[in-house]
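Report on the structure given below.
First the proteins, then the strands, lettered A, B, ... as listed; each starts at 1.
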Protein chains: 2
Amino acid sequence: MALADEAGLDGLSMRRLATELGVVPMALYKHVANKDELLDGIIDAVVSEIDLAPVDGDWKPAIRGRILAARQTLLRHPWAAGAIEARRAPTPAVLAYMDSIIGLFRAGGFGVDLVHHVIHALGSRVLGFSQELFDDSPTDPDAQEKAAHAMAGTYPWLAEMALRVAHDEKTVVGSGCDDQFEFEFALDLLLDGFERLRQAG
Amino acid sequence: MALADEAGLDGLSMRRLATELGVVPMALYKHVANKDELLDGIIDAVVSEIDLAPVDGDWKPAIRGRILAARQTLLRHPWAAGAIEARRAPTPAVLAYMDSIIGLFRAGGFGVDLVHHVIHALGSRVLGFSQELFDDSPTDPDAQEKAAHAMAGTYPWLAEMALRVAHDEKTVVGSGCDDQFEFEFALDLLLDGFERLRQAG
DNA sequence: CTCGATAGGTGTACGGCGTACACCTCGACC
DNA sequence: GGTCGAGGTGTACGCCGTACACCTATCGAG
């Protein structure tokens with residue numbers, strides 16, 4: 001039912017999805033009340049793919065692993081992050097996922113209040129995506145370098161950073177603006193902070 | 001020009017904005033190429049409101065202050081955060097803001113690479129909004145408590161947390177799910193982490 | 001074997017959107 | 001006075017989500 005999402009990316013829908021299924025648009029409404037419900041459905045389908053198998057051991061690697069697993073799942077469906085952001089009410093699968101994360105924190109000795117703040121601090125990162133302000137799209141480093149030089153006058157610091165990134169990408173592959181690295185960097189920074197708060201009580 | 005945004009919230013646009021201005025829709029296209037450009041315009045107008053006056057002293061309070069100032073500005077225009085999220089290319093005012101933040105970090109003794117990672121770690125928080133997964137809309141605590149009890153079976157940990165929040169809201173006002181508190185909590189956690197990394201070199 | 005209910009597909013239509021294209025109006029300037 | 005360009009107008013196209021009425025195939029009860 002909600003598995004035909006892979007073929008068509010989001011942004012195109014309902015009528016489009018209908019023809020994709022060789023059916024008239026209105027036929028879809030025999031299965032879902034409206035488009036939002038359909039989106040909820042496919043979001044749930046994706047989120048349910050995340051492995052929630054119980055783990056034991058330290059809370060930190062457990063949570064780190066689960067969040068990175070969520071990230072892997074969401075990266076397989078690039079449209080999913082955007083779709084989840086847009087929703088205002090969480091779907092059951094998302095609730096189940098959140099519950100499992102909270103459970104891991106609680107089992108790790110975190111108090112209820114601390115978990116609450118910690119979840120807020122993670123924000124959407126808990127689901128494995130971090131909502132970059134602008135996508136550092138994979139343009140070639142040379143073009144990036146040109147652009148950086150161009151804005152060196154107006155935005156000196158930004159240009160300095162952009163130049164460094166472009167340079168890194170040219171010399172050693174993957175050391176530049178590696179989304180996965182940045183994600184883990186931020187995640188570990190937060191987890192370490194949480195650990196200190198936990199110890200402080 | 002781009003100041004008529006206050007009256008009409010986003011989600012309603014172009015034709016709607018045109019009638020709001022007592023003009024035919026197509027007239028707008030004499031001033032902007034398309035809707036995206038118009039959105040860029042009003043985003044820039046809002047972001048430009050953020051105070052970028054130079055500050056001196058420690059990097060941490062300086063950056064903290066600037067980010068919280070950005071938050072205040074964006075909170076005045078609730079639609080702005082969503083609009084910025086949706087954009088993929090940064091507008092000039094956003095670039096200028098980012099440049100100022102990066103400048104503060106650099107002046108505070110952060111290396112180029114570290115600043116790069118740190119900016120990623122802040123993500124959209126650098127602009128003062130944190131993209132909650134679902135909006136804990138201001139429903140009254142009693143209803144929230146009922147809902148929490150209802151899902152205690154399916155999502156025990158989530159329910160536990162929800163109950164605590166509902167309880168806090170009933171006893172001491174504002175101590176429950178205070179967005180501003182949560183934002184500063186996460187921000188300080190990150191800033192403290194940055195400080196440790198800076199000292200470690 | 002008929003009959004009625006029901007699940008699911010169909011066709012038409014409405015109101016809204018962004019915007020391409022051709023046209024008109026009016027003031028400024030030579 | 002004639003030209004020109006900035007800015008407003010009107011019509012039209014193709015998209016979207018979906019309300020409503022209709023049709024058809026299936027299946028269990030009588």
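- B/Glu145 and B/His167 share no donor-acceptor pair across their side chains, judged by distance under 3.5 Å alone.
- Between chain B and DNA chain D, the heavy-atom contact criterion of under 4.0 Å yields a 5' to 3' nucleotide range of D/dG7 to D/dA12.
- Taking the centre and axis of the six-membered ring of A/Phe183, the NZ or CZ atom of A/Arg71 falls inside the cone set by 45° and 6.0 Å.
- Among the protein residues, B/Lys30 comes within range of the nucleic acid bases, having at least one heavy atom under 4.0 Å from a base atom.
- Side chain to side chain, A/Thr91 and A/Asp44 meet the donor-acceptor criterion of an N or O pair below 3.5 Å.
- Between A/Glu20 and A/Arg16 there is a salt bridge, since at least one side-chain N of the basic residue sits less than 4.0 Å from a carboxylate O of the acidic one.
- When each of C/dG18, C/dT19, C/dG8 is scored by its nearest atom to the side-chain atoms of B/Met26, the top-ranked nucleotide is C/dT19.
- Between A/Trp59 and A/Phe110, the angle of the ring planes goes over 60°, which puts this pair in the perpendicular group of the 30/60° scheme.
- Residue whose closest nucleotide on DNA chain C sits further toward the 5' end, between B/Arg15 and A/Val23: A/Val23.
- C/dG16 atom C1' lies 16 Å from atom CG of B/Leu17, rounded to whole Å.
- At the heavy-atom level, B/Met14 lies under 4.0 Å from the strands shown only through sugar-phosphate atoms.
- Contact between the side-chain N/O atoms of A/His31 and the OP1/OP2 oxygens of C/dA7 is not found at any separation under 4.0 Å.
- Between B/Arg87 and B/Asp36 there is a salt bridge, since at least one side-chain N of the basic residue sits less than 4.0 Å from a carboxylate O of the acidic one.
- Rounded to whole Å, atom P of C/dG18 lies 10 Å from atom CG of B/Leu38.
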